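Below: one structure, written as structure tokens.
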Amino acid sequence: MDEEAKIQLSMFEMELVNNTEWIFTKQLIIKKVYHLFGRLNDEYKKIVDAEKQFLPLELQKPGGKITKGENYKGLPYLILDYPSIFGKENIFAVRTLFWWGNFFSISFHLSGKAMIDHGDHLNKNMFLKENNFSVCVHETQWEHDFDRSNFVNINELTKNEIERLYEKSYFKIAKKIELRDWNLAEVFLINTFKEIIKFIKLSFPGDKITL
């Protein structure tokens, strides 16, 4: 492609560059996601407070952190991390994600010292299957999409495939809801957060969380 062609606009691009309304609409949508995440943070905190005897003190913080970005695989996103610990050698975090054009998701992410004690695999696997969770199968732990190279529904994996996931340096489970179901997202995310807290209790029976 020559230099002149690189700077010319298509008809569609010309329409967009002359239309301010879509930018304002995007900003409004992002503000609504911020508001939703603020509400979720408050609800998550209530759930954590009710279960705090099962969680390490490091996780019992006043609130979460909302992070905004413009370029996860080219698209805007917002993240709510609560409760969470992100250290150089240790991760114990529940992450709620809004990814423009894709979905809302919520994940539980473990790595480092927290991987030492993983409770009863049989009970945990049954819980994940009954509640239709997906598990991360990717070699790296920082991918968030639901492509089959990253997340696979646990019901589609064999027992041996699931056991191999526990042998990795990290373990991550997640669920998503499509953006077309926006009005259902808040309830979905709160209910899934409750399920994640139950999974934490199964993973670390008797308050055996080591951070």
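The structure displayed is predicted, hence computed values, not measured ones. Just the heavy atoms: all of them, side chains too, but no hydrogens, waters or symmetry mates, feed the values below.
- Linking Ile, Leu, Val, Met, Phe, Trp and Tyr whenever their side-chain heavy atoms come within less than 4.5 Å leaves Val187 and Leu36 in two separate clusters.
- The line from CG of Leu202 to CD of Glu195 is 12.0 Å long, rounded to the nearest 0.5 Å.
- Connection of Ile23 to Ile30 is not established within any shared hydrophobic cluster, with ILVMFWY side chains joined at heavy-atom distances below 4.5 Å, either directly or through further cluster members.
- A distance of 13.5 Å separates CG in Asn19 from CE in Met14, rounded to the nearest 0.5 Å.
- Electrostatic pairing of Asp81 and Arg95 counts as a salt bridge here, judged by a charged N lying under 4.0 Å from a carboxylate O.
- The closest side-chain heavy-atom distance from Tyr34 to Lys68 is below 4.5 Å.
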Q: Run the numbers on Phe193 and Ile106 for side-chain contact (heavy atoms from CB on, under 4.5 Å), then give the verdict.
A: CA-CA 7 Å; Phe193 185 87; Ile106 181 168; 3.9 Å; yes
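- Closest of all the heavy-atom pairs between Leu165 and Phe171 is O-CD1, 4.0 Å.
- Using a 4.5 Å heavy-atom threshold, the side chains of Ile162 and Val135 count as separate.
- Taken to the nearest 0.5 Å, the CD atom of Glu163 stands 9.0 Å off from the CG atom of Leu122.
- The NZ atom of Lys32 sits 14.5 Å away from the CG atom of Leu78 when rounded to the nearest 0.5 Å.
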Q) Hey, mind stepping through Trp142 and His109 against side-chain contact (heavy atoms from CB on, under 4.5 Å) and telling me if it holds? A) CA-CA 10 Å; Trp142 296 113; His109 185 169; 3.8 Å; yes
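- Counting only heavy atoms from C-beta outward, the side chains of Phe151 and Lys172 approach each other to under 4.5 Å.
- A donor and an acceptor atom, one from each side chain of Ser149 and Asp147, are located under 3.5 Å apart.
- The OG atom of Ser203 lies 11.0 Å from the CD1 atom of Ile196; values are rounded to the nearest 0.5 Å.
- With respect to the salt-bridge test (charged N to carboxylate O, under 4.0 angstrom), the residues Glu156 and Arg148 qualify.
- Both Tyr166 and Phe92 are members of a single hydrophobic cluster when ILVMFWY side chains are connected at heavy-atom separations under 4.5 Å.
- In the hydrophobic clustering of ILVMFWY residues, with side-chain heavy atoms under 4.5 Å counting as a link, Leu16 and Leu9 come out apart.
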Q: Go through the steps for Gln141 and Ser111 under the test side-chain contact (heavy atoms from CB on, under 4.5 Å), then give the verdict.
A: CA-CA 9 Å; Gln141 55 190 316; Ser111 73; 3.6 Å; yes
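- Checked for salt-bridge contact, Lys159 and Glu161 miss the test: no charged N lies under 4.0 Å from a carboxylate O.
- With ring centers used as reference points, Phe104 lies under 6.0 Å from Trp182.
- Counting heavy atoms from C-beta on, the side chains of Glu186 and Leu189 never come closer than 4.5 Å.
- A cation-pi contact links Lys175 to Phe133, judged by a cut-off of 6.0 Å to the six-membered ring centre and 45° from its axis.
- A heavy-atom distance below 4.5 Å is not found between the side chains of Ser107 and Ile173.
- A heavy-atom distance below 4.5 Å is not found between the side chains of Leu80 and Leu97.
- Centroid-to-centroid, the aromatic rings of Tyr77 and Trp100 stay 6.0 Å apart or farther.
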Q.
As a quick check of understanding, evaluate side-chain contact (heavy atoms from CB on, under 4.5 Å) for Glu143 and Lys73, giving each step before the final call.
A. CA-CA 10 Å; Glu143 296 296 327; Lys73 299 191 175 180; 3.2 Å; yes
Q) Step by step, would you call Lys46 with Glu43 a salt bridge (charged side-chain N to carboxylate O under 4.0 Å, His left out)? A) CA-CA 5 Å; Lys46 292 176 184 176; Glu43 291 302 313; 3.3 Å; yes
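- Separation of the Phe146 and Phe103 ring centroids falls under the 6.0 Å cut-off.
- At a threshold of 4.5 Å between side-chain heavy atoms, the hydrophobic network of Ile, Leu, Val, Met, Phe, Trp and Tyr places Leu184 and Phe37 in one connected group.
- Residues His144 and Trp99 fail the side-chain proximity criterion, which asks for heavy atoms closer than 4.5 Å.
- Considering all non-hydrogen atoms of both residues, Tyr72 and Asp145 come closest at OH-N, 3.6 Å.
- For the pair Tyr170/Leu110, no side-chain contact is recorded, criterion being any heavy-atom separation below 4.5 Å from C-beta on.
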**Q.** Working for side-chain hydrogen bond (donor to acceptor under 3.5 Å, both in side chains), residues Asn132 and Asn153
**A.** CA-CA 7 Å; Asn132 207 35; Asn153 189 291; 2.8 Å; yes
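- Ion pairing of Lys26 with Glu70 is present here, as a side-chain N (NZ or NE/NH1/NH2) and a carboxylate O approach within less than 4.0 Å.
- Although no hydrogens or angles enter the test, the distance criterion places no donor-acceptor pair under 3.5 Å between the side chain of Lys176 and the main chain of Asn102.
- How far OG1 of Thr25 is from CG of Leu28: 7.0 Å, rounded to the nearest 0.5 Å.
- Here the side chain of Glu13 pairs a donor or acceptor atom with the backbone of Ser10 at under 3.5 angstrom.
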